[in-house]
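Because only heavy atoms are used, hydrogens play no part in the values below, and waters and symmetry mates are left out as well, while side chains stay in. Remember, it's 1-based here, ligands and their atoms both numbered in the order they're listed. Just so you know, residue 1 is the first one in the sequence shown, and it goes up from there.
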Amino acid sequence: MLLARWGKRAIQCCLDALFPSYCLVCKKEGNVCCKTCKQNISIQEMFLCPICQIDQEFGQVCISCRALSNLKQHIALCPYDMDLVLVQAIDRVKYQFEEDCIQYVEEGIKQLLEKYPEVYEKIDVVVAIPLHKKRYAERGFNQSEYIASILAKQLNISQQKLLQRTRQTKQQALCNKEDRLLNVKDAFAYISQEHVGENILLVDDVYTTGATMQEAARVLKEQGHSVWGFSVARGVLRSKKRRY
Ligand SMILES: [Zn+2]
Ligand SMILES: [Zn+2]
């Protein structure tokens with residue numbers, strides 16, 4: 001056991017020497033997320049109606065969109081803009097497997113909850129949008145689960161698996177606006193668990209048209225839950241007043 005641990009540490013040391021990490025922001029050698037740069041990030045919280053994108057208190061769905069949305073509310077830490085550190089960080093986690101970059105997101109969530117401590121006071125449980133088991137096996141992790149566990153920890157509530165992907169879907173980023181709805185239709189199933197609260201915070205890394213989150217929220221809503229949405233970044237669509 002001890003030998004195995006030493007061996008692992010030795011391998012890690014060699015890897016660090018061969019492939020040193022550089023801070024995502026200041027490029028200093030050491031860690032992809034250096035302490036200074038982590039503390040220097042700032043959020044640009046987005047409180048927009050999940051459907052029509054008008055400004056709403058804490059991102060609540062507006063009266064005119066209520067019948068169209070399975071989410072009661074959606075909050076993002078920042079707009080989807082590749083110039084922003086938070087967006088670069090989730091991109092690096094997702095596509096380059098640099099899991100340490102999630103620490104920037106952790107700092108962003110901390111800032112949101114410090115600024116608006118009451119925002120999630122009704123939430124009982126945090127749920128991540130799941131990956132299909134095949135994609136999970138390829139990637140080895142689900143970045144939305146990382147984000148959900150940060151939220152659960154900071155809110156001091158539990159994170160539960162209440163959803164599973166029943167079929168593989170194309171990456172939403174590769175679909176056009178019209179295909180996104182069809183792509184995720186009936187892609188989720190409910191996993192019943194004991195002692196689940198009513199109010200769920202559903203978590204995904206990026207919210208673009210909202211099709212994935214709305215479809216997952218529909219499944220939860222059918223089981224009697226109220227669903228709030230959280231994403232690190234939100235893509236702002238040019239055409240307003242459209243169905244997700
Ligand atoms: Zn740095
Ligand atoms: Zn609206």
Side-chain angles (χ1 to χ4, degrees), residues 16-17 19-111 116 119 146 150 177-178 180-181 201-202 204 206-218 220-221 226-244:
D16 288 347
F19 307 105
S21 292
Y22 298 92
C23 172
L24 175 67
V25 185
C26 70
K27 315 293 177 212
K28 195 172 77 183
E29 194 179 327
N31 193 304
V32 284
C33 178
C34 82
K35 230 177 167 178
T36 322
C37 293
K38 183 173 140 180
Q39 281 162 357
N40 284 343
I41 67 148
S42 57
I43 57 168
Q44 298 173 28
E45 59 277 29
M46 300 182 81
F47 295 155
L48 310 177
C49 167
I51 306 286
C52 71
Q53 308 183 131
I54 59 164
D55 284 314
Q56 281 286 103
E57 191 185 11
F58 292 143
Q60 287 162 21
V61 64
C62 75
I63 294 173
S64 6
C65 295
R66 227 167 254 179
L68 302 171
S69 181
N70 297 313
L71 292 169
K72 282 173 80 87
Q73 174 230 47
H74 181 267
I75 290 177
L77 295 179
C78 65
Y80 191 82
D81 176 346
M82 281 311 289
D83 288 339
L84 298 174
V85 176
L86 280 167
V87 177
Q88 290 168 19
I90 44 172
D91 217 63
R92 293 276 281 262
V93 173
K94 200 166 168 177
Y95 300 113
Q96 294 181 42
F97 311 129
E98 292 188 85
E99 291 161 71
D100 284 346
C101 282
I102 207 74
Q103 291 171 48
Y104 291 105
V105 175
E106 192 174 17
E107 175 63 26
I109 291 173
K110 193 176 126 212
Q111 288 182 19
Y116 309 99
V119 69
Y146 286 163
I150 293 169
K177 285 176 198 166
E178 286 67 35
R180 284 179 182 231
L181 261 181
L201 182 59
L202 184 61
D204 205 359
V206 178
Y207 187 99
T208 309
T209 63
T212 305
M213 210 175 240
Q214 291 284 0
E215 180 62 12
R218 185 182 65 77
L220 296 169
K221 212 176 151 188
S226 292
V227 191
W228 281 253
F230 174 90
S231 307
V232 176
R234 177 164 178 173
V236 179
L237 305 164
R238 272 183 218 111
S239 57
K240 290 202 168 189
K241 282 278 176 197
R242 59 183 298 279
R243 281 167 174 262
Y244 46 86

Could you grab the angle centred on the Zn ion (ligand 2), going from SG in C65 to SG in C49, to 10°?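 Approximately 110° at the metal, rounded to tens of degrees.
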
Whether C37 has an N, O or S atom under 2.8 Å from the Zn ion (ligand 1):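 Under 2.8 Å: C37 contacts the Zn ion (ligand 1) through an N, O or S atom.
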
Pair Q111-E107, side-chain donor/acceptor within less than 3.5 Å: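 Side chains of Q111 and E107: pair found under 3.5 Å.
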
In Å and rounded to the nearest 0.5 Å, what is the CG to CE distance from L71 to M213?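 The CE atom of M213 is 6.5 Å from CG of L71, to the nearest 0.5 Å.
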
Nearest-0.5 Å distance, SG of residue C23 to NZ of residue K38: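 Interatomic distance, C23 SG to K38 NZ, rounded to 0.5 Å: 11.5 Å.
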
Metal-centred angle, SG of C23 through the Zn ion (ligand 1) to SG of C26, rounded to 10 degrees: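 That angle works out to 110° after rounding to 10°.
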
Of L86, I90, I41, L84, which meets side-chain contact (heavy atoms from CB on, under 4.5 Å) against L77?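 It is L86; the other options fail the test.
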
